[in-house]
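Have a look at the structure below, then the notes.
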Number of protein chains: 2
Amino acid sequence: MAANSRLTIATHALTWLALAQRRGQEVLTSDQVAASVNTNPVIIRRSLGDLRRAGLVEVRHGAGAGWSLARAPEEITLLQVYDAVGGEQPFGLHRTEPNLECPVGRGIRPALNQTYGRVEQAIRRELADTSIADVLRETLTN
Amino acid sequence: MAANSRLTIATHALTWLALAQRRGQEVLTSDQVAASVNTNPVIIRRSLGDLRRAGLVEVRHGAGAGWSLARAPEEITLLQVYDAVGGEQPFGLHRTEPNLECPVGRGIRPALNQTYGRVEQAIRRELADTSIADVLRETLTN
DNA sequence: ACGGCTGTAACAGAAAATGTTACGACAAGG
DNA sequence: CCTTGTCGTAACATTTTCTGTTACAGCCGT
(Lines give C-alpha, C1' and ligand atoms only; values in the text may rest on other atoms or scores of the structure.)
Protein backbone atom coordinates (compact mmCIF):
# COMPACT_ATOMS: atom_id res chain seq x y z
CA MET A 1 0.00 0.00 0.00
CA ALA A 2 1.43 3.31 -1.09
CA ALA A 3 -1.02 5.60 0.65
CA ASN A 4 0.42 9.04 0.80
CA SER A 5 0.40 11.04 3.96
CA ARG A 6 -0.18 14.52 2.64
CA LEU A 7 -3.60 14.88 4.22
CA THR A 8 -2.11 13.71 7.51
CA ILE A 9 0.80 16.13 7.37
CA ALA A 10 -1.38 19.09 6.45
CA THR A 11 -3.94 18.28 9.12
CA HIS A 12 -1.21 17.89 11.70
CA ALA A 13 0.23 21.28 10.81
CA LEU A 14 -3.16 22.97 10.98
CA THR A 15 -3.98 21.35 14.30
CA TRP A 16 -0.70 22.50 15.73
CA LEU A 17 -1.34 26.02 14.46
CA ALA A 18 -4.78 25.94 16.05
CA LEU A 19 -3.37 24.91 19.40
CA ALA A 20 -0.58 27.49 19.24
CA GLN A 21 -3.13 30.17 18.43
CA ARG A 22 -5.22 29.20 21.41
CA ARG A 23 -2.12 29.43 23.57
CA GLY A 24 -1.51 32.97 22.36
CA GLN A 25 1.32 32.21 19.96
CA GLU A 26 0.58 34.20 16.84
CA VAL A 27 2.72 32.42 14.32
CA LEU A 28 4.80 29.27 13.98
CA THR A 29 7.79 28.87 11.71
CA SER A 30 8.10 25.88 9.41
CA ASP A 31 10.94 24.70 11.63
CA GLN A 32 8.62 24.63 14.62
CA VAL A 33 5.92 22.78 12.75
CA ALA A 34 8.47 20.37 11.34
CA ALA A 35 9.65 19.60 14.84
CA SER A 36 6.19 18.42 15.84
CA VAL A 37 5.56 16.46 12.65
CA ASN A 38 9.11 15.16 12.81
CA THR A 39 10.08 15.85 9.24
CA ASN A 40 12.00 18.33 7.12
CA PRO A 41 10.94 22.01 7.13
CA VAL A 42 10.76 22.00 3.35
CA ILE A 43 8.01 19.37 3.48
CA ILE A 44 6.07 21.67 5.77
CA ARG A 45 6.59 24.70 3.55
CA ARG A 46 5.32 22.74 0.58
CA SER A 47 2.28 21.53 2.48
CA LEU A 48 1.45 24.88 4.06
CA GLY A 49 2.07 26.49 0.68
CA ASP A 50 -0.79 24.38 -0.72
CA LEU A 51 -2.98 25.45 2.17
CA ARG A 52 -2.07 29.09 1.64
CA ARG A 53 -3.09 28.89 -2.02
CA ALA A 54 -6.41 27.49 -0.82
CA GLY A 55 -6.84 30.38 1.59
CA LEU A 56 -6.66 28.26 4.74
CA VAL A 57 -3.50 29.76 6.25
CA GLU A 58 -1.58 33.01 6.05
CA VAL A 59 2.14 33.54 5.93
CA ARG A 60 4.24 36.44 7.13
CA HIS A 61 7.60 37.09 5.51
CA GLY A 62 10.75 38.79 6.67
CA ALA A 63 12.05 38.76 10.20
CA GLY A 64 9.65 37.26 12.74
CA ALA A 65 7.94 35.43 9.94
CA GLY A 66 5.73 32.35 10.23
CA TRP A 67 2.36 30.79 9.63
CA SER A 68 -1.07 31.28 11.12
CA LEU A 69 -4.60 30.10 10.43
CA ALA A 70 -6.58 32.27 8.03
CA ARG A 71 -9.87 31.39 9.71
CA ALA A 72 -11.27 29.75 12.82
CA PRO A 73 -10.49 26.04 13.30
CA GLU A 74 -14.22 25.31 13.26
CA GLU A 75 -14.38 26.74 9.74
CA ILE A 76 -11.72 24.48 8.26
CA THR A 77 -12.94 21.05 7.20
CA LEU A 78 -10.79 18.12 6.22
CA LEU A 79 -12.49 18.22 2.83
CA GLN A 80 -11.00 21.64 2.23
CA VAL A 81 -7.62 20.31 3.27
CA TYR A 82 -8.05 17.26 1.04
CA ASP A 83 -8.77 19.48 -1.96
CA ALA A 84 -5.97 21.86 -1.07
CA VAL A 85 -3.29 19.20 -0.99
CA GLY A 86 -4.50 17.57 -4.19
CA GLY A 87 -6.91 14.84 -3.22
CA GLU A 88 -6.00 11.56 -4.81
CA GLN A 89 -8.39 8.99 -6.14
CA PRO A 90 -8.56 5.93 -3.91
CA PHE A 91 -8.55 3.57 -6.90
CA GLY A 92 -6.74 3.90 -10.18
CA LEU A 93 -7.96 2.72 -13.53
CA HIS A 94 -5.83 0.58 -15.85
CA ARG A 95 -2.33 1.83 -16.25
CA THR A 96 -2.26 0.75 -19.87
CA GLU A 97 -5.35 1.14 -22.01
CA PRO A 98 -7.35 -2.11 -22.11
CA ASN A 99 -8.00 -3.95 -25.36
CA LEU A 100 -10.67 -1.97 -27.15
CA GLU A 101 -11.59 -4.89 -29.38
CA CYS A 102 -13.01 -6.68 -26.37
CA PRO A 103 -16.47 -5.52 -25.27
CA VAL A 104 -15.33 -5.50 -21.66
CA GLY A 105 -12.14 -3.64 -22.46
CA ARG A 106 -14.15 -1.07 -24.35
CA GLY A 107 -16.84 -0.36 -21.77
CA ILE A 108 -15.33 -1.02 -18.40
CA ARG A 109 -13.62 2.26 -17.79
CA PRO A 110 -16.77 4.39 -17.90
CA ALA A 111 -18.53 1.75 -15.82
CA LEU A 112 -15.83 1.85 -13.16
CA ASN A 113 -15.63 5.62 -13.25
CA GLN A 114 -19.26 5.69 -12.27
CA THR A 115 -18.72 3.45 -9.26
CA TYR A 116 -15.46 5.13 -8.29
CA GLY A 117 -17.18 8.50 -8.52
CA ARG A 118 -19.77 7.38 -6.00
CA VAL A 119 -16.99 6.24 -3.69
CA GLU A 120 -15.26 9.59 -4.04
CA GLN A 121 -18.47 11.39 -3.13
CA ALA A 122 -18.85 9.23 -0.04
CA ILE A 123 -15.31 10.11 1.01
CA ARG A 124 -15.98 13.80 0.52
CA ARG A 125 -19.11 13.64 2.64
CA GLU A 126 -17.18 12.13 5.53
CA LEU A 127 -14.30 14.57 5.27
CA ALA A 128 -16.69 17.52 5.15
CA ASP A 129 -18.06 16.40 8.49
CA THR A 130 -14.80 16.84 10.38
CA SER A 131 -13.15 20.18 11.16
CA ILE A 132 -9.73 21.06 12.48
CA ALA A 133 -11.43 21.99 15.73
CA ASP A 134 -12.83 18.45 15.92
CA VAL A 135 -9.41 16.96 15.29
CA LEU A 136 -7.83 19.20 17.91
CA ARG A 137 -10.42 18.20 20.49
CA GLU A 138 -9.96 14.51 19.74
CA THR A 139 -6.19 14.93 19.80
CA LEU A 140 -6.16 16.45 23.25
CA THR A 141 -8.39 13.80 24.78
CA ASN A 142 -6.07 10.98 23.79
CA MET B 1 -1.05 9.95 -6.95
CA ALA B 2 0.00 6.39 -6.52
CA ALA B 3 -3.41 4.82 -6.64
CA ASN B 4 -3.02 1.20 -7.42
CA SER B 5 -5.16 -0.51 -9.98
CA ARG B 6 -5.62 -3.91 -8.36
CA LEU B 7 -9.33 -3.46 -7.80
CA THR B 8 -9.70 -2.38 -11.40
CA ILE B 9 -7.74 -5.32 -12.77
CA ALA B 10 -9.60 -7.85 -10.63
CA THR B 11 -12.99 -6.38 -11.50
CA HIS B 12 -12.12 -6.36 -15.18
CA ALA B 13 -11.14 -10.01 -15.04
CA LEU B 14 -14.33 -11.00 -13.22
CA THR B 15 -16.49 -9.03 -15.61
CA TRP B 16 -14.85 -10.72 -18.56
CA LEU B 17 -15.37 -14.12 -16.94
CA ALA B 18 -19.03 -13.27 -16.37
CA LEU B 19 -19.51 -12.31 -20.01
CA ALA B 20 -17.70 -15.40 -21.27
CA GLN B 21 -19.83 -17.57 -19.04
CA ARG B 22 -22.98 -16.02 -20.43
CA ARG B 23 -21.70 -16.69 -23.94
CA GLY B 24 -21.25 -20.35 -23.07
CA GLN B 25 -17.49 -20.35 -22.67
CA GLU B 26 -16.76 -22.38 -19.57
CA VAL B 27 -13.27 -21.19 -18.74
CA LEU B 28 -10.80 -18.52 -19.77
CA THR B 29 -7.03 -18.86 -19.54
CA SER B 30 -4.92 -16.17 -17.96
CA ASP B 31 -3.60 -15.40 -21.43
CA GLN B 32 -7.10 -14.71 -22.66
CA VAL B 33 -7.90 -12.48 -19.72
CA ALA B 34 -4.57 -10.72 -20.08
CA ALA B 35 -5.38 -9.97 -23.70
CA SER B 36 -8.50 -8.07 -22.67
CA VAL B 37 -6.87 -6.24 -19.78
CA ASN B 38 -3.81 -5.64 -21.93
CA THR B 39 -1.21 -6.75 -19.45
CA ASN B 40 1.03 -9.67 -18.62
CA PRO B 41 -0.58 -13.06 -17.86
CA VAL B 42 1.34 -13.27 -14.60
CA ILE B 43 -0.41 -10.16 -13.34
CA ILE B 44 -3.71 -11.87 -14.04
CA ARG B 45 -2.68 -15.07 -12.33
CA ARG B 46 -1.68 -13.13 -9.26
CA SER B 47 -4.94 -11.23 -9.23
CA LEU B 48 -7.16 -14.24 -9.90
CA GLY B 49 -5.13 -16.15 -7.33
CA ASP B 50 -6.25 -13.61 -4.71
CA LEU B 51 -9.83 -14.03 -5.85
CA ARG B 52 -9.53 -17.80 -5.72
CA ARG B 53 -8.30 -17.66 -2.12
CA ALA B 54 -11.37 -15.56 -1.35
CA GLY B 55 -13.63 -18.13 -2.99
CA LEU B 56 -14.79 -15.89 -5.81
CA VAL B 57 -13.36 -17.88 -8.72
CA GLU B 58 -12.35 -21.45 -9.43
CA VAL B 59 -9.38 -22.71 -11.35
CA ARG B 60 -8.88 -25.88 -13.36
CA HIS B 61 -5.39 -27.26 -13.83
CA GLY B 62 -3.80 -29.44 -16.47
CA ALA B 63 -4.62 -29.38 -20.14
CA GLY B 64 -7.72 -27.35 -21.00
CA ALA B 65 -7.21 -25.43 -17.81
CA GLY B 66 -8.56 -21.98 -16.98
CA TRP B 67 -10.67 -19.81 -14.71
CA SER B 68 -14.38 -19.53 -14.05
CA LEU B 69 -16.63 -17.73 -11.58
CA ALA B 70 -17.35 -19.63 -8.38
CA ARG B 71 -20.76 -18.01 -7.99
CA ALA B 72 -23.27 -15.91 -9.90
CA PRO B 73 -22.15 -12.41 -10.93
CA GLU B 74 -25.01 -10.93 -8.86
CA GLU B 75 -23.47 -12.56 -5.79
CA ILE B 76 -20.06 -10.96 -6.14
CA THR B 77 -19.78 -7.42 -4.79
CA LEU B 78 -16.91 -5.04 -5.32
CA LEU B 79 -16.44 -5.03 -1.55
CA GLN B 80 -15.59 -8.72 -1.68
CA VAL B 81 -13.16 -8.01 -4.49
CA TYR B 82 -11.67 -5.09 -2.56
CA ASP B 83 -11.05 -7.31 0.45
CA ALA B 84 -9.74 -10.15 -1.70
CA VAL B 85 -7.07 -8.06 -3.40
CA GLY B 86 -5.95 -6.44 -0.17
CA GLY B 87 -7.85 -3.22 0.19
CA GLU B 88 -5.59 -0.29 0.83
CA GLN B 89 -6.26 2.65 3.11
CA PRO B 90 -7.00 5.81 1.16
CA PHE B 91 -4.89 7.93 3.51
CA GLY B 92 -1.68 7.04 5.27
CA LEU B 93 -0.57 8.27 8.65
CA HIS B 94 2.84 9.79 9.29
CA ARG B 95 5.68 7.84 7.79
CA THR B 96 7.94 8.70 10.67
CA GLU B 97 6.56 8.84 14.19
CA PRO B 98 5.63 12.40 15.15
CA ASN B 99 7.27 14.15 18.07
CA LEU B 100 5.68 12.65 21.16
CA GLU B 101 6.75 15.57 23.34
CA CYS B 102 4.29 17.75 21.50
CA PRO B 103 0.66 17.37 22.55
CA VAL B 104 -0.41 17.33 18.94
CA GLY B 105 2.25 14.83 17.96
CA ARG B 106 1.14 12.61 20.80
CA GLY B 107 -2.60 12.61 20.19
CA ILE B 108 -3.12 13.15 16.52
CA ARG B 109 -2.70 9.62 15.29
CA PRO B 110 -5.63 8.16 17.23
CA ALA B 111 -7.68 11.21 16.29
CA LEU B 112 -6.98 10.74 12.61
CA ASN B 113 -7.51 7.01 12.82
CA GLN B 114 -11.00 7.71 14.01
CA THR B 115 -11.81 9.95 11.05
CA TYR B 116 -10.03 7.72 8.56
CA GLY B 117 -11.97 4.77 9.91
CA ARG B 118 -15.23 6.51 9.16
CA VAL B 119 -14.03 7.21 5.65
CA GLU B 120 -13.11 3.56 5.19
CA GLN B 121 -16.59 2.50 6.30
CA ALA B 122 -18.16 4.88 3.82
CA ILE B 123 -16.05 3.37 1.04
CA ARG B 124 -17.07 -0.13 2.04
CA ARG B 125 -20.75 0.77 2.02
CA GLU B 126 -20.49 2.05 -1.55
CA LEU B 127 -18.50 -0.93 -2.78
CA ALA B 128 -20.96 -3.35 -1.20
CA ASP B 129 -23.69 -1.77 -3.28
CA THR B 130 -22.19 -2.73 -6.63
CA SER B 131 -21.95 -6.27 -8.01
CA ILE B 132 -20.07 -7.72 -10.95
CA ALA B 133 -23.44 -8.09 -12.67
CA ASP B 134 -23.96 -4.35 -12.25
CA VAL B 135 -20.55 -3.60 -13.68
CA LEU B 136 -21.16 -5.93 -16.63
CA ARG B 137 -24.49 -4.28 -17.40
CA GLU B 138 -22.94 -0.80 -17.26
CA THR B 139 -20.01 -1.96 -19.33
CA LEU B 140 -22.19 -3.24 -22.15
CA THR B 141 -24.29 -0.09 -22.34
CA ASN B 142 -21.30 2.12 -22.97
C1' DA C 1 21.85 46.98 5.93
C1' DC C 2 21.27 42.83 8.70
C1' DG C 3 19.26 38.55 10.03
C1' DG C 4 15.80 35.24 10.02
C1' DC C 5 12.49 32.93 7.46
C1' DT C 6 9.84 31.73 3.22
C1' DG C 7 9.62 29.88 -1.81
C1' DT C 8 11.28 26.87 -4.96
C1' DA C 9 14.35 24.33 -7.83
C1' DA C 10 17.22 20.36 -8.20
C1' DC C 11 18.61 16.20 -6.86
C1' DA C 12 18.99 11.85 -3.85
C1' DG C 13 16.90 7.97 -1.72
C1' DA C 14 13.35 4.80 -0.61
C1' DA C 15 9.32 2.30 -1.27
C1' DA C 16 5.70 0.26 -3.89
C1' DA C 17 3.36 -1.23 -7.97
C1' DT C 18 3.80 -3.27 -12.23
C1' DG C 19 6.01 -5.89 -15.87
C1' DT C 20 9.00 -9.80 -17.38
C1' DT C 21 11.35 -14.21 -17.56
C1' DA C 22 11.84 -18.71 -16.09
C1' DC C 23 10.66 -23.06 -14.47
C1' DG C 24 8.48 -26.65 -11.58
C1' DA C 25 3.73 -28.72 -10.71
C1' DC C 26 -0.33 -30.43 -12.35
C1' DA C 27 -3.98 -32.92 -14.97
C1' DA C 28 -6.61 -34.18 -19.27
C1' DG C 29 -6.22 -36.92 -23.35
C1' DG C 30 -4.15 -39.88 -26.37
C1' DC D 1 2.76 -43.16 -19.21
C1' DC D 2 3.94 -39.41 -21.88
C1' DT D 3 2.83 -35.32 -24.17
C1' DT D 4 0.83 -30.87 -24.01
C1' DG D 5 -1.01 -26.74 -22.29
C1' DT D 6 -1.75 -24.07 -18.26
C1' DC D 7 -1.28 -22.64 -13.43
C1' DG D 8 1.77 -21.08 -9.29
C1' DT D 9 5.48 -18.70 -7.81
C1' DA D 10 10.09 -17.01 -7.34
C1' DA D 11 13.41 -13.76 -8.89
C1' DC D 12 14.55 -9.79 -11.00
C1' DA D 13 13.92 -5.38 -13.87
C1' DT D 14 11.44 -1.24 -14.64
C1' DT D 15 8.67 2.55 -13.63
C1' DT D 16 6.48 5.69 -10.78
C1' DT D 17 5.58 8.24 -6.69
C1' DC D 18 6.52 10.01 -2.37
C1' DT D 19 9.62 11.79 0.82
C1' DG D 20 13.80 13.84 2.30
C1' DT D 21 17.82 16.99 1.57
C1' DT D 22 20.66 20.79 0.06
C1' DA D 23 21.08 25.18 -1.73
C1' DC D 24 20.08 29.73 -2.62
C1' DA D 25 17.38 33.82 -4.03
C1' DG D 26 13.69 36.95 -2.23
C1' DC D 27 11.29 39.22 1.30
C1' DC D 28 10.71 42.31 5.25
C1' DG D 29 10.73 43.74 10.21
C1' DT D 30 14.12 45.83 13.17
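Closest heavy-atom contact between B:A84 and B:A54: CB-CB, 3.6 Å.
At whole-Å resolution of the value, CG in B:L48 and P in D:dG8 are 9 Å apart. For B:E26 and D:dT6, the CD to C1' distance is 16 Å, given to the nearest whole Å. Atom CG in B:L93 sits about 16 Å away from atom C1' in D:dC18, given to the nearest Å. When rounded to the nearest whole Å, the span between CG of A:N38 and C1' of D:dT19 equals 13 Å. Atom CD1 of A:I43 and atom P of C:dA9 are 15 Å apart (whole Å). Rounded to an integer number of Å, the gap from CZ of A:F91 to P of C:dA17 is 14 Å. When rounded to the nearest whole Å, the span between CH2 of B:W67 and P of D:dG5 equals 20 Å. At whole-Å resolution of the value, CZ in A:R52 and C1' in C:dT6 are 9 Å apart.
Between A:R137 and A:E74 there is no salt bridge, since no side-chain nitrogen of the basic residue lies less than 4.0 Å from a carboxylate oxygen of the acidic one.
Side-chain to base pairing of B:R46 with C:dG19: one donor and one acceptor N or O lie within less than 3.5 Å of each other.
With DNA chain C read from its 5' end, the first of the two nearest nucleotides for A:V59 and B:I9 is the one closest to A:V59. Between A:R53 and A:G64, it is A:G64 whose nearest contact on DNA chain C lies nearer the 5' terminus.
Considering only the side chain of A:R45, C:dT6 comes nearest among C:dT6, D:dT19, C:dT20. When distances are taken from the side chain of A:T29 to each of D:dC7, C:dT6, D:dT19, the shortest belongs to C:dT6. Checking D:dT21, C:dA17, C:dG19 against the side-chain heavy atoms of A:T96 singles out C:dG19 as nearest. Picking from C:dT21, C:dC26, D:dT22 the nucleotide with the shortest atom distance to the side chain of B:N40 gives C:dT21. If you check C:dT18, D:dC7, D:dA10 against the side chain of B:V42, the one that comes closest is D:dA10. Of the candidate nucleotides D:dT19, C:dG7, C:dA27, C:dA27 has the atom nearest to the side chain of B:H61.
At C:dT18, one or more side-chain N or O atoms of B:S5 fall inside 4.0 Å of OP1 or OP2 (strictly under the cut-off). Applying the 4.0 Å criterion to OP1 and OP2 of C:dA14, one finds that B:R95 has every side-chain N and O outside that range. A close approach under 4.0 Å does occur between a side-chain nitrogen or oxygen of B:T39 and OP1 or OP2 of C:dG19. Taking side-chain N and O atoms only, B:R6 has a distance below 4.0 Å to OP1 or OP2 of C:dA17.
B:A63 comes within 4.0 angstrom of a nucleotide base, judged by non-hydrogen atoms across all strands.
Inspection of the B:S131 and B:D134 side chains reveals an N or O donor paired with an N or O acceptor under 3.5 Å.
Dense packing is recorded around CZ of A:R106, with more than 12 heavy atoms of other residues, nucleotides or ligands lying under 6.0 Å away.
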Could you check A:R124 against A:D83 for salt bridge (Lys or Arg N to Asp or Glu O under 4.0 Å), going step by step and ending with a plain yes or no?
CA-CA 10 Å; A:R124 298 178 70 83; A:D83 284 334; 2.9 Å; yes
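Using a 30° and 60° split on the angle between ring planes, B:F91 and B:Y116 fall in the tilted class, from 30° to 60°.
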